[in-house]
**Q** 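Handing you this structure, nothing more for now.
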There are 2 protein chains.
Amino acid sequence: MDRPTKAKAVKRSAGRPRAFDRQKALGIALDLFWRHGYGGVSIGQLTAAMGISPPSLYAAFGSKETLYREAVALYLDRYGGFMSGLLDDRRAAREAVERALQEVARQFGHADHAPGCMVSCAELQAAPDNAALVMEMAKLRQSAQCALHGRLEAARTSGEIPPTTDTASLAAYYAMVIQGMAVQARDGAKTALLKRLAVLAMQAWPE
Amino acid sequence: MDRPTKAKAVKRSAGRPRAFDRQKALGIALDLFWRHGYGGVSIGQLTAAMGISPPSLYAAFGSKETLYREAVALYLDRYGGFMSGLLDDRRAAREAVERALQEVARQFGHADHAPGCMVSCAELQAAPDNAALVMEMAKLRQSAQCALHGRLEAARTSGEIPPTTDTASLAAYYAMVIQGMAVQARDGAKTALLKRLAVLAMQAWPE
DNA sequence: TCTATTATGTAGCGACCACTACATTTTAGG
DNA sequence: CCTAAAATGTAGTGGTCGCTACATAATAGA
């Protein structure tokens with residue numbers, strides 16, 4: 001990590017240079033994994049879509065599993081912005097959640113990429129061999145919900161929402177909403193409908 | 001279908017009798033498909049769990065795909081009862097939905113079977129080869145949502161809910177809630193929490 | 001130019017996939 | 001008993017899976 005292995009395109013280490021765009025290939029993997037899941041995409045489909053051969057893929061990404069993890073990281077980086085909006089403490093909690101759900105609706109229904117949420121629908125059902133990945137993705141969802149819980153708890157102690165509010169259930173509720181919206185989007189729901197769902201979901205807000 | 005091939009256990013057609021309990025084997029397939037999805041379960045795992053050999057499985061169920069379809073049908077028969085409760089027109093719509101969501105919470109968190117909902121999480125991400133099954137499961141979810149829409153529309157015309165209510169969005173909302181609850185249950189949410197989510201979800205009810 | 005390093009293309013590894021050919025066994029009906 | 005019918009166990013089928021051995025090609029630094 002600290003060695004200048006491939007930090008910049010300018011500074012290149014010895015050896016034959018890569019003949020393909022690693023980031024673009026990763027983006028292709030992201031799209032395939034998003035649509036079809038880990039087990040639903042084969043190395044053959046990946047290499048075909050990337051226009052490279054298996055050895056090139058393995059030299060660049062290590063294994064199918066590490067490629068998947070890297071694709072998830074790219075997803076969070078590219079499309080996971082609504083989570084930071086959800087937690088934004090420069091806004092009132094209610095406004096932050098309301099805006100985040102609207103952003104989720106926009107995001108999940110966007111036509112430029114796969115519908116829904118890669119993480120919400122990730123490995124909900126998977127082969128027993130992929131138990132490690134299954135657990136990782138579940139933990140990813142759990143940690144997001146946990147962060148929201150923290151934000152809501154802060155809102156409770158600051159008096160933004162009633163002191164009797166069950167913030168754990170409320171966090172689970174909005175996690176559920178986002179996960180449900182992801183399924184709806186996967187099944188073809190457009191942004192307009194998703195936004196209406198977001199509005200309805202906000203009626204559960206305390207007070 | 002109309003020939004008495006295997007209608008009753010009493011009336012048995014010629015040939016060597018089956019050496020295993022077909023319904024029990026189907027129940028095992030249901031459990032495996034529920035937990036791991038269609039692509040996540042292999043014929044080898046199925047035959048091992050059933051205690052039979054591949055030819056017996058194929059003689060009894062035809063193919064992996066038809067076995068999956070039959071397992072889904074069994075799921076709907078055994079565990080899909082909350083849908084009829086959701087549509088029950090002998091009750092007020094609000095009460096029907098409220099009770100159905102409580103039943104969903106009980107069902108999804110029950111320890112005697114896989115957590116969550118087999119249909120809600122079915123084939124959300126799957127291999128391109130299984131596109132037919134993917135579409136079938138999506139249609140199954142869609143038809144359930146459509147039935148709920150019909151029930152809500154009836155409630156609107158009967159004056160049970162305001163005439164300005166957007167029943168399509170409301171149906172999508174409760175479908176989203178159930179699908180989100182399925183993900184929450186899959187990730188370990190217990191019935192107690194799921195019931196609190198159901199209560200929160202009811203706050204979106206019109207008027 | 002020489003060496004070290006890295007990526008590439010070709011070809012194929014063993015393991016598993018869904019599925020089946022085939023002979024045998026067990027039943028029902030005659 | 002016989003024949004027809006259906007299920008069984010054994011032992012595979014061709015195909016695809018994730019992954020790799022190996023020789024070659026292309027670069028950096030000396």
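Convention: sequence-line order gives letters A, B, ...; per-chain numbering from 1.
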**Q** A:Met50 has an atom CE; how far is it from atom P of C:dA7, in whole Å?
**A** 15 Å
**Q** Applying side-chain contact (heavy atoms from CB on, under 4.5 Å), run through B:Tyr68 and B:Met137 and close with a yes or a no.
**A** CA-CA 11 Å; B:Tyr68 182 79; B:Met137 300 311 294; 4.1 Å; yes
**Q** Report the relative orientation of the aromatic rings in B:Phe108 and B:Phe82; use parallel for angles under 30°, tilted for 30 to 60°, perpendicular for over 60°.
**A**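 Perpendicular, since the angle between the ring planes exceeds 60°.
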**Q** Between atom CG in A:Asn130 and atom P in D:dG18, what is the gap in whole Å?
**A** 10 Å
**Q** To the nearest Å, how far apart are B:Arg18 CZ and C:dA28 P?
**A** 15 Å
**Q** Taking all heavy atoms of B:Leu86 and all of B:Val97, pick out the closest pair and write down the distance.
**A**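 Closest approach of B:Leu86 to B:Val97: CD1-CA, 3.9 Å.
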**Q** Would you mind checking if A:Arg22 and A:Glu70 are paired as a salt bridge, meaning a charged N to carboxylate O distance below 4.0 Å?
**A** yes
**Q** B:Pro17 or B:Ser63: which one's nearest nucleotide on DNA chain C is closer to the 5' end?
**A** B:Ser63
**Q** Walk me through whether A:Val177 and A:Val104 qualify under side-chain contact (heavy atoms from CB on, under 4.5 Å).
**A** CA-CA 10 Å; A:Val177 166; A:Val104 163; over 6 Å; no
**Q** Nearest-Å distance, CG (B:Leu57) to P (D:dT8)?
**A**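 The answer, rounded to whole Å, is 10 Å.
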**Q** Can you tell me the distance, in whole Å, between the CZ atom of B:Phe20 and the C1' atom of D:dA6?
**A**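 Atom-to-atom, B:Phe20 to D:dA6, this comes out as 12 Å.
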**Q** Can you tell me how far C1' of C:dT20 sits from CZ of B:Phe61, to the nearest Å?
**A**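 Checked: the CZ to C1' distance equals 18 Å.
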**Q** Using heavy-atom distances to pick each residue's nearest nucleotide on DNA chain C, tell me which of B:Ala14 and B:Gly62 is more 5'.
**A**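 Nearest-nucleotide comparison on DNA chain C picks B:Gly62.
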**Q** Please work out whether the ring planes of A:His113 and A:Trp34 are parallel, tilted or perpendicular, with thresholds of 30° and 60°.
**A** parallel
**Q** Can you build the contact string for nucleotides 9-18 of chain C? Use B for base contact, S for sugar-phosphate-only contact, and - for no protein heavy atom under 4.0 Å.
**A** BB------SS
